[in-house]
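Okay, so here's the structure we're looking at.
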Amino acid sequence: AQKVTQAQTEISVVEKEDVTLDCVYETRDTTYYLFWYKQPPSGELVFLIRRNSFDEQNEISGRYSWNFQKSTSSFNFTITASQVVDSAVYFCALSGGSGTYKYIFGTGTRLKVLA
Amino acid sequence: DAGVIQSPRHEVTEMGQEVTLRCKPISGHDYLFWYRQTMMRGLELLIYFNNNVPIDDSGMPEDRFSAKMPNASFSTLKIQPSEPRDSAVYFCASSLALSRSYNEQFFGPGTRLTVL
């Protein structure tokens, strides 16, 4: 069975601090895809990144970076120099490679960045 | 592109009434997904379509829920009769699945449903 665990329910940081959101996944598929989405207070879900199981390169996009480690089944997300606008719920999701396009979402991590 | 469009954005209804939620996917996308988000259960996939055909409806909670996609640019999720426990935010998402590639899903703004 596939599963995504986001153990951190809520994190509070002060502006300009770095913060890492954890995501651990379980799957028996050899080909799979991992995603991060942001849900700001306005409610929409915003796509941030997709990573496939064959690409373990870390990725950096501005203040955002992602660390994918198959050995530990983790796909962690770091925000550097956090800002108040980063306050949101962040979801990690897994999609299997067995011909299915279904996402399995984690329960989300609520990030509060305090000014 | 306008993105995924959902209507209405908010719906308040009384128990027992029929509710219809509407979705217009991004033009050219061949997958459409309906999700429900609640505090208790998080984000749940209800059903998804490929080229207007339902592929997996295992997430549909009960017979009171039905979904259709009569054409590539329109889908509905209907609840009849509605119950208070159906209160949630319902999201529609679409994606373009290239051969052997899984592309991200783009979500609509959601419909917040309140059943009194």
Side-chain angles (χ1 to χ4, degrees), chain A residues 1-10 23 25 27 29-55 59 61 64 66 68 75 77 88-110, chain B residues 1-6 8-10 23 25-26 29-51 53-60 88-114:
Chain A
Q2 296 185 323
K3 185 179 179 181
V4 174
T5 301
Q6 295 181 256
Q8 304 152 307
T9 304
E10 184 169 312
C23 174
Y25 63 92
T27 181
D29 291 326
T30 54
T31 301
Y32 52 89
Y33 294 76
L34 295 161
F35 306 81
W36 275 95
Y37 281 82
K38 174 182 179 179
Q39 187 174 38
S42 51
E44 72 274 22
L45 280 153
V46 179
F47 165 77
L48 295 178
I49 190 172
R50 175 191 66 195
R51 173 66 72 225
N52 72 55
S53 53
F54 297 110
D55 183 2
E59 182 155 340
S61 176
Y64 295 172
W66 290 269
F68 176 32
F75 186 42
F77 173 31
V89 180
Y90 291 87
F91 291 94
C92 181
L94 167 69
S95 179
S98 306
T100 175
Y101 288 79
K102 294 170 65 169
Y103 277 10
I104 305 298
F105 277 96
T107 52
T109 297
R110 181 178 299 276
Chain B
D1 201 316
V4 176
I5 299 172
Q6 291 186 248
R9 294 293 307 278
H10 302 274
C23 175
I26 293 173
H29 281 191
D30 50 359
Y31 279 82
L32 184 140
F33 305 81
W34 282 101
Y35 291 88
R36 178 173 66 176
Q37 185 178 33
T38 61
M39 288 295 293
M40 292 296 295
R41 301 176 67 91
L43 273 161
E44 303 174 275
L45 177 65
L46 301 177
I47 185 172
Y48 75 94
F49 297 82
N50 176 219
N51 291 323
V53 176
I55 302 301
D56 185 342
D57 65 355
S58 60
M60 296 286 263
V89 179
Y90 291 81
F91 287 100
C92 176
S94 70
S95 70
L96 175 62
L98 301 176
S99 176
R100 297 184 179 276
S101 175
Y102 292 75
N103 286 315
E104 57 274 16
Q105 296 178 19
F106 293 90
F107 284 76
T111 295
R112 182 174 295 277
L113 173 64
T114 302

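Quantities reported herein were computed from a predicted structural model and do not represent experimental measurements. Naming: A, B, ... by sequence-line order, numbering from 1 per chain.
- A:Tyr103 has its side chain out of reach of B:Phe33: every pair of non-hydrogen atoms, C-beta onward, lies at least 4.5 Å apart.
- For B:Asn50, the side chain to side chain contact (heavy atoms under 4.5 Å, CB included) criterion is met by B:Asp30, B:Tyr31, B:Ile55, not counting sequence neighbours.
- Within the 4.5 angstrom heavy-atom criterion, only side-chain atoms of A:Tyr37, from C-beta onward, approach chain B.
- With sequence neighbours left out, A:Ser42 forms a side chain to side chain contact (heavy atoms under 4.5 Å, CB included) with A:Pro40, A:Glu44.
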So A:Phe91 and B:Gln37, side chain to side chain contact (heavy atoms under 4.5 Å, CB included) or not? Walk me through it. CA-CA 12 Å; A:Phe91 291 94; B:Gln37 185 178 33; 3.5 Å; yes

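- Between A:Phe47 and B:Phe106, the ring planes lie tilted relative to each other; the angle falls in the 30° to 60° range.
- Distance check, rounded to the nearest 0.5 Å: CE of B:Met39 to OG1 of A:Thr107 gives 11.0 Å.
- When every heavy atom of B:Glu104 is checked against every heavy atom of A:Phe35, the shortest pair comes out as CA-CE2, 3.8 Å.
- Crowding of A:Arg51 atom CZ: a count of heavy atoms from other residues, nucleotides or ligands under 6.0 Å exceeding 12.
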Before giving the answer on side chain to side chain contact (heavy atoms under 4.5 Å, CB included), spell out for B:Phe107 and A:Gln39 the whole-Å C-alpha distance, their side-chain angles and the decisive distance to 0.1 Å. CA-CA 11 Å; B:Phe107 284 76; A:Gln39 187 174 38; over 6 Å; no

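- For B:Gln105, the parts lying near chain A are the backbone and the side chain together; criterion is any non-hydrogen pair under 4.5 Å.
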